[in-house]
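What you are looking at is a predicted structure, and each value in this text was computed from that prediction instead of being measured. Each chain gets a letter, A, B and so on, in the order its sequence line appears, and its residues count up from 1.
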Protein chains: 2
Amino acid sequence: MAQARRYAGGIDGNRSLERGVEILRAFRPGVDTLGNGEIAERTGLPRSTVSRLTRTLVNSGMLDEVRSERAYRLAASVISIGHAMRTGSPVLNAIGPMMRAESARRRLNVGLATADRTMMVYLESIRYSPRAALRNVVAGQQVPMELTSLGRAYLAGTTETERERLLKQFKRRSAAATRALLAEVRRSISAVERDGYCAVSWQPAVLAVATPIVLEGLPVYALNMSLQNVERSDALASELGAYLNAFAARCKEVLAGR
Amino acid sequence: MAQARRYAGGIDGNRSLERGVEILRAFRPGVDTLGNGEIAERTGLPRSTVSRLTRTLVNSGMLDEVRSERAYRLAASVISIGHAMRTGSPVLNAIGPMMRAESARRRLNVGLATADRTMMVYLESIRYSPRAALRNVVAGQQVPMELTSLGRAYLAGTTETERERLLKQFKRRSAAATRALLAEVRRSISAVERDGYCAVSWQPAVLAVATPIVLEGLPVYALNMSLQNVERSDALASELGAYLNAFAARCKEVLAGR
DNA sequence: CCCTTAATTCCACTCAGTGGAAACGCTGGG
DNA sequence: CCCAGCGTTTCCACTGAGTGGAATTAAGGG
């Protein structure tokens, strides 16, 4: 028969594995434990399936079982895999130390992020504080792509196709002020094309500027600098932007040499 | 038939999911990209199976594909899941800030870890340095259980069954000096039972002491303190041990209140 | 002690997953 | 320019691994 029969192991990928990953993803930042029921609800999977898959994830060391609560939490394995990701990243290895130095020198926050679906994930976020004890490095934190300078710089750096795909997803999600928001996102993208960076005040009293880093054979990254406790002004934004452009240029130089 | 037929979805867990996790685990710290062939070699899975599973992991956002090298690397998703694990951890939330304060006060390294198979994984490792810029926080780093104070404190804190299971695994792995090593491990465990902590110099010129933290409904953790650039002495070890015992007591107090 | 609520196990059905083999597509050498 | 060599992906017949609704068991709550 010339019928286009679809074979199971085919192009779609492995169903159970996909579902297992979705279960891990159901543990969003801040949630401690989840029961099978709650996981089933969040993922839309049948409860019996969830029960089997969570058991597998426990055996594989990705989840810890909390017998007393009949619940599960992410196991330490996930951070060790995360650590492997960070130490493997050639970009972070190359410019991480530069970022730390720059943060200290300019007395501002410096971050490096890339995309996970519609969120930006920090590979490294160096929070400057005059009080040394409060200086802080965070990795893995997510911020929304469409609302942040990091995200918009990423959009400017990625391919046309990917960008349009993502813009469609923002539309689908936030029923609110979509029209204005999308226009603003496009304006930020133009700013990146024109000035090399875009400036956004996502959180009150924080001014952030970001720029994309595009390298062959690597995902698109975005580099940012930010300052707390300032009121937004164009002058400040362009000063920060100039620092960022200079720093990004140095980074790209280092990265070009493999 | 009274035959004990084994049903597929049965007790063993889901095969594909298990394999997918093994593939993620194949990316050890320091490796950047892996091709399907290399993954197949490391995991012992058939190449065609690896090909299908890596494709699924790419679709699920856990791996990034590097077309030009026909290889894969861990995607940013894994650190965002890792971040979720850390922010969800009630223990880290409760005592993380205390650890940072204690590190600054005593001018030494403070770490919190738990087990992943036969390795200890840092949830938080605060490296003290007089030069503020070099102060450092690492999470996800692994150290061998049998060789470190952290690991031996963990062994002392875990159940009899689990401890013996792990000791057997050490024997299996390191063909060398096993006899002496195991005796040393047992001596450290006794030290924990007697003094509350054990002291080990795993790395040259670093003295570390550790103590277990055992809480209902949570994995066993180990807390450690360490000092670089010192020669090991019993006096120093017991001074550090006293600091650790005092600090651990305060931690347990905080943790007891939920 | 019984009743509600949720997790787990059971199990017949079937299609999703498997892996050996064949096809593909680089890459460098002659 | 073509070919050889090698690693990756696709093909596909086979089958048992995985599925999910129903039954069962276990855990609080009154």
Side-chain angles (χ1 to χ4, degrees), chain A residues 1-24 26-27 31-60 62-73 216-217, chain B residues 1-24 26-27 31-60 62-73 216-217:
Chain A
M1 286 288 138
Q3 197 193 345
R5 182 166 161 215
R6 288 279 286 283
Y7 289 93
I11 53 174
D12 323 331
N14 182 299
R15 185 161 57 145
S16 319
L17 178 51
E18 237 162 34
R19 290 170 161 195
V21 170
E22 276 324 300
I23 289 177
L24 293 178
F27 291 83
V31 310
D32 179 16
T33 62
L34 287 178
N36 279 336
E38 205 162 355
I39 294 172
E41 218 168 290
R42 287 174 183 235
T43 57
L45 297 172
R47 322 198 113 189
S48 48
T49 300
V50 170
S51 185
R52 262 177 288 118
L53 294 181
T54 49
R55 193 215 270 18
T56 304
L57 289 168
V58 169
N59 289 339
S60 302
M62 302 299 282
L63 293 179
D64 282 336
E65 190 173 3
V66 189
R67 274 239 146 73
S68 57
E69 297 182 38
R70 307 176 133 242
Y72 302 89
R73 60 162 54 91
E216 176 57 32
Chain B
M1 289 284 140
Q3 197 194 343
R5 181 163 161 219
R6 287 282 286 284
Y7 289 94
I11 54 176
D12 323 331
N14 183 298
R15 184 161 57 146
S16 319
L17 178 51
E18 238 161 34
R19 290 171 160 192
V21 171
E22 276 323 301
I23 289 177
L24 293 178
F27 290 83
V31 310
D32 179 17
T33 61
L34 287 177
N36 280 335
E38 204 162 356
I39 295 172
E41 218 168 289
R42 285 173 184 235
T43 56
L45 298 172
R47 320 192 124 211
S48 48
T49 300
V50 170
S51 184
R52 264 176 288 117
L53 295 182
T54 48
R55 190 211 294 325
T56 304
L57 288 169
V58 170
N59 289 338
S60 301
M62 302 297 283
L63 292 180
D64 282 335
E65 190 173 3
V66 189
R67 275 240 147 73
S68 57
E69 296 181 39
R70 306 176 134 240
Y72 303 89
R73 59 161 55 91
E216 176 58 31

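Axis angle across the helix from C:dC1-D:dG30 to C:dG30-D:dC1, with five pairs used at each end and values rounded to 10°: 40°.
Atom CZ of B:R67 is separated from atom P of C:dC26 by 11 Å (rounded to the nearest Å). In this structure, the CD1 atom of A:I23 is 14 Å from the C1' atom of C:dA7, given to the nearest Å. Note: CD (A:E69) to P (C:dA7) measures 12 Å, nearest angstrom. Atom C1' of nucleotide D:dT9 and atom CG of B:L57 are separated by 16 Å, given to the nearest angstrom. Distance, B:L45 CG to D:dG7 C1': 17 Å, rounded to whole Å.
Between B:G37 and B:R47 the shortest heavy-atom distance is CA-NH2, 3.7 Å. A:T56 and B:N14 make their closest contact through OG1-N, 2.7 Å (heavy atoms, listed as atom of the first residue, atom of the second, distance). Residue A:E18 comes nearest to B:S60 through the heavy atom pair CG-OG, 3.4 Å, listed as atom of the first residue, atom of the second, then distance.
Within 4.0 Å (heavy atoms only), B:R19 reaches sugar-phosphate atoms of the nucleic acid but no base atom.
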Can you tabulate the close N/O pairs, meaning under 3.5 Å, that link protein atoms to atoms of nucleotides 21-27 of chain D?
none

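No side-chain heavy atom of B:F27 sits under 4.5 Å from any side-chain heavy atom of B:D32. Contact check for B:R55 versus B:N59: side-chain heavy atoms found under the 4.5 Å cut-off.
For A:T49, no side-chain nitrogen or oxygen approaches OP1 or OP2 of D:dT19 to under 4.0 Å. For D:dA17, the OP1/OP2 oxygens have no side-chain nitrogen or oxygen of A:S16 closer than 4.0 Å.
At a non-hydrogen distance threshold of 4.0 Å, nothing from residues 33-43 of chain B comes into contact with DNA chain C.
For B:T33, the side chain to side chain contact (heavy atoms under 4.5 Å, CB included) partners two or more places apart in sequence, or in a different chain, are B:V66, B:E69, B:A71, B:R73. Residues passing the side chain to side chain contact (heavy atoms under 4.5 Å, CB included) test with A:E38 are A:L34, A:R42, sequence neighbours excluded. In terms of the side-chain hydrogen bond (donor to acceptor under 3.5 Å, both in side chains) criterion, residue partners of B:E22 (sequence neighbours excluded) are, by chain and number, B:R117. Applying the side chain to side chain contact (heavy atoms under 4.5 Å, CB included) test to A:T49 and every residue at least two apart in sequence or in another chain returns A:R19, A:P46, A:R52, A:L53.
The structure places CG of B:L24 at 5.0 Å from CE of B:M62, a figure rounded to the nearest 0.5 Å.
With A:Y72 as reference, A:N36 is the one residue of A:N36, A:L57, A:V50, A:I23 to meet the side chain to side chain contact (heavy atoms under 4.5 Å, CB included) rule.
Closest approach to the A:N14 side chain among C:dT8, D:dG18, C:dT18 is made by C:dT18 (side chain taken as heavy atoms from C-beta onward). If you check C:dT18, C:dA7, D:dG20 against the side chain of B:R15, the one that comes closest is C:dT18.
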